Undergrad: 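Below you'll find the structure I mean.
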Amino acid sequence: MLTRRILLKLTGAATVMAALGPMLATPARADSAQQAAAFVKSTGDALVAVVNGPGSPADKRRQLQQVIDANVDVDEIARFCLGRFWRQATPEQQKQYMSLFHDVLLNNITAKLGDYKGVRFEMGRAQEREDTDVVSTTVERPNNPPTQVDWIVSGASGHPKIIDVVAEGTSLRLTQRSDYASYLSRNGNKVEALIEAMRHQVAQNG
Amino acid sequence: MRAVTFSKLLLSACLIASTVAACATRPPASDPAAVAEYEETNDPLEPTNRVFYVINNGIDTVLLRPAAQAYRFVFPQPVRNGVHNLLSNLSTPVLLGNDILSAKPRRAGDTTMRFLINSTVGVVGVFDVAKDWGYPAHDASFGTTLALWGLPEGPFLFLPVLGPSNPRDAVGFGVDTAMDPFTWVGQGAAVTALNWSRYAVSAVDQRERVLDAVDQIKKTALDPYATFRSLYRQHRASEIEEARNDTRSTVPVWFPQPTPAPKR
């Protein structure tokens with residue numbers, strides 16, 4: 001009796017699993033969403049602490065940079081945002097673009113610091129989606145309606161890292177990529193033009 | 001009346017559109033990556049759309065944005081929340097109609113309960129009590145209903161006054177307007193004035209809610225038009241998916257409950 005044998009095997013396996021305790025019974029992937037949630041919570045707490053904490057804008061900028069470098073895979077996001085033009089760029093252009101992207105991202109976040117004073121967030125559910133974990137939060141800040149923000153966490157690099165932020169269904173990196181793609185298509189698809197524009201942006205804000 | 005005014009508006013928009021109509025050039029088939037990008041952007045009318053983006057942006061800069069700023073300056077957050085809740089409550093008929101048309105019984109139930117609770121306990125809708133009582137707000141429009149019926153979105157459009165859209169959402173907007181009893185109820189100068197004030201307050205309310213976000217985009221985007229286009233399309237897609245995935249069953253609480261569908 002095939003089915004009976006399988007059933008016996010299964011119950012046997014289940015007993016072993018139960019005996020060995022939750023450590024083995026839980027597949028490694030199942031609690032990765034929970035780990036991702038804990039990771040987002042600690043990153044979010046760190047960000048909120050910087051935003052609401054004391055210190056000059058320059059201090060805060062430095063603190064933010066630390067939090068971002070440690071918890072966000074900016075290189076991966078930068079490559080994604082350049083899309084098909086990443087491979088067309090020369091190694092020198094790739095290097096310049098990468099460094100500018102870091103600056104632009106930091107500038108954009110620093111520019112929002114004032115708006116986000118008094119920000120707080122609540123954790124929502126965490127779930128796996130393909131090879132990433134999606135952690136939902138609700139971000140509340142003064143003078144603004146609550147926003148649903150999902151954090152996309154990837155463990156591909158060995159450590160959990162944020163690779164995208166989705167606010168009210170809109171992905172930060174997808175939006176950024178379409179901005180760059182459109183700028184490139186209106187400027188002869190030349191990566192140099194984009195780098196020049198980004199340099200201009202950094203010079204203006206820096 | 002209002003419906004007539006809007007159809008006139010749309011008609012004149014179409015006329016202007018046809019006179020300045022121009023199409024984005026499709027990249028040659030020899031460049032598959034560029035073709036894929038063109039398809040993904042879904043904006044064959046881009047040159048025309050950009051003209052309207054510039055016009056709308058001008059109107060926004062001199063009219064809507066200052067109005068929203070003044071509104072924020074004069075009224076504190078609790079008052080603005082109350083106004084927003086009141087406006088949401090007034091849109092109940094359109095919401096409910098779309099909940100039913102898109103075959104979402106639990107959403108229709110939420111909308112009904114929200115109306116009953118907020119209109120009474122919530123003082124004609126100023127306070128969103130229902131949210132705390134387990135009836136959260138949701139969005140519904142005929143554009144979303146059409147999407148759930150399987151109609152494709154069509155090419156991206158940037159419409160005069162209305163802003164980012166597509167044929168499906170533009171038709172949806174027209175149907176929502178027609179579905180709204182306030183479009184048809186009563187007549188005379190007072191009713192017309194009330195209706196128009198509602199649209200004006202509604203526009204200012206909507207604009208005020210995105211003041212910071214829009215300012216930030218205009219400041220940081222290299223191509224704000226492309227950024228707004230992307231944001232609009234992503235936001236609509238996620239709204240539609242949220243409605244599609246709302247498959248809560250309608251089994252009464254005292255009846256044996258079916259096992260819930262696995263969450264995505």
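Because the structure is a prediction, the values reported are computed rather than measured. Letters A, B, ... mirror the listed sequences (proteins, then strands); counts begin at 1.
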Undergrad: What part of Ala34(B) gets closer than 4.5 Å to chain A, counting heavy atoms only: side chain, backbone, both or neither?
TA: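 For Ala34(B), heavy atoms of backbone and side chain both lie under 4.5 Å from chain A.
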Undergrad: Would the number of heavy atoms belonging to other residues, nucleotides or ligands and lying under 6.0 Å from NZ of Lys190(A) be above 12?
TA: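 No - once you tally the heavy atoms of other residues, nucleotides and ligands closer than 6.0 Å, there are 12 at most.
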Undergrad: Picking from Arg186(A), Met198(A), Gln176(A), Lys112(A), which has the most non-hydrogen pairs under 4.5 angstrom with chain B?
TA: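 Most pairs with chain B among the choices: Arg186(A).
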Undergrad: Just wondering, more than 12 heavy atoms not from Glu140(A) lying within 6.0 Å of its CD?
TA: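 Check passes, neighbour count above 12.
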Undergrad: With a 4.5 Å heavy-atom cut-off, do Arg141(A) and Asp212(B) have their side chains touching?
TA: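 Touching, per the 4.5 Å side-chain cut-off.
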Undergrad: Counting heavy atoms not belonging to Arg106(B), are there more than 12 under 6.0 Å from its CZ?
TA: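 More than 12 heavy atoms, drawn from other residues, nucleotides or ligands, come within 6.0 Å of this atom.
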Undergrad: Examine distances only and state if a side-chain atom of His235(B) and a backbone atom of Glu168(A) form a donor-acceptor pair shorter than 3.5 Å.
TA: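 It does hold such a pair.
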Undergrad: Heavy atoms, side chains only, cut-off 4.5 Å: are Leu222(B) and Gln201(A) in contact?
TA: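 They are in contact (side-chain heavy atoms under 4.5 Å apart), so the answer is yes.
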Undergrad: Restricting to non-hydrogen atoms, name the atom on Asp223(B) and the atom on Asp179(A) that form the minimum distance, rounded to 0.1 Å.
TA: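 The pair with the smallest heavy-atom distance is N-OD1, 2.6 Å.
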Undergrad: Which bit of Arg72(B) comes within less than 4.5 Å of chain A, counting heavy atoms only: side chain, backbone, both or neither?
TA: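 Just its side chain gets close to chain A.
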Undergrad: Answer yes if the side chains of Thr175(A) and Gln234(B) hold a donor-acceptor pair under 3.5 Å, and no otherwise.
TA: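 Yes, side-chain donor-acceptor contact under 3.5 Å.
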Undergrad: Is there a side-chain contact between Ser182(A) and Arg229(B) in this structure, where contact means two heavy atoms from C-beta onward sitting under 4.5 Å apart?
TA: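 Ser182(A) reaches Arg229(B) side chain to side chain.
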Undergrad: Rounded to the nearest 0.5 Å, what's the gap from CG on Leu174(A) to CZ on Arg233(B)? Could you check?
TA: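 The CG atom of Leu174(A) sits 10.0 Å away from the CZ atom of Arg233(B).
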Undergrad: Atom OG1 in Thr220(B), atom CD in Gln204(A): separation rounded to 0.5 Å?
TA: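 The OG1 atom of Thr220(B) sits 11.5 Å away from the CD atom of Gln204(A).
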Undergrad: Please check if the number of heavy atoms outside Lys218(B) that lie under 6.0 Å from its NZ is greater than 12.
TA: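 Enclosed: over 12 neighbouring heavy atoms sit under 6.0 Å from NZ of Lys218(B).
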Undergrad: Could you walk me through whether Gln148(A) and Glu242(B) pass the side chain to side chain contact (heavy atoms under 4.5 Å, CB included) test, one step at a time?
TA: CA-CA 13 Å; Gln148(A) 169 87 34; Glu242(B) 205 183 302; over 6 Å; no
Undergrad: Measuring heavy-atom distances to chain A, does Arg80(B) have an atom under 4.5 Å in its side chain, in its backbone, in both, or in neither?
TA: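 For Arg80(B), side-chain heavy atoms alone lie under 4.5 Å from chain A.
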Undergrad: Is atom OH of Tyr53(B) surrounded by more than 12 heavy atoms (other residues, nucleotides or ligands) closer than 6.0 Å?
TA: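 Result for OH/Tyr53(B): enclosed.
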Undergrad: If you round to the nearest 0.5 Å, how far is CG of Asn108(A) from NZ of Lys219(B)?
TA: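 Going from NZ on Lys219(B) over to CG on Asn108(A), the span is 8.5 Å.
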Undergrad: In the structure I gave you, are the side-chain heavy atoms of Glu37(B) and Arg177(A) within less than 4.5 Å of one another anywhere?
TA: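 No, every pair of side-chain atoms sits at 4.5 Å or beyond.
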Undergrad: Check each atom of Phe85(A) against the heavy atoms of chain B and say whether the ones under 4.5 Å are side chain, backbone, both or neither.
TA: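 Contact with chain B involves the side chain of Phe85(A) alone.
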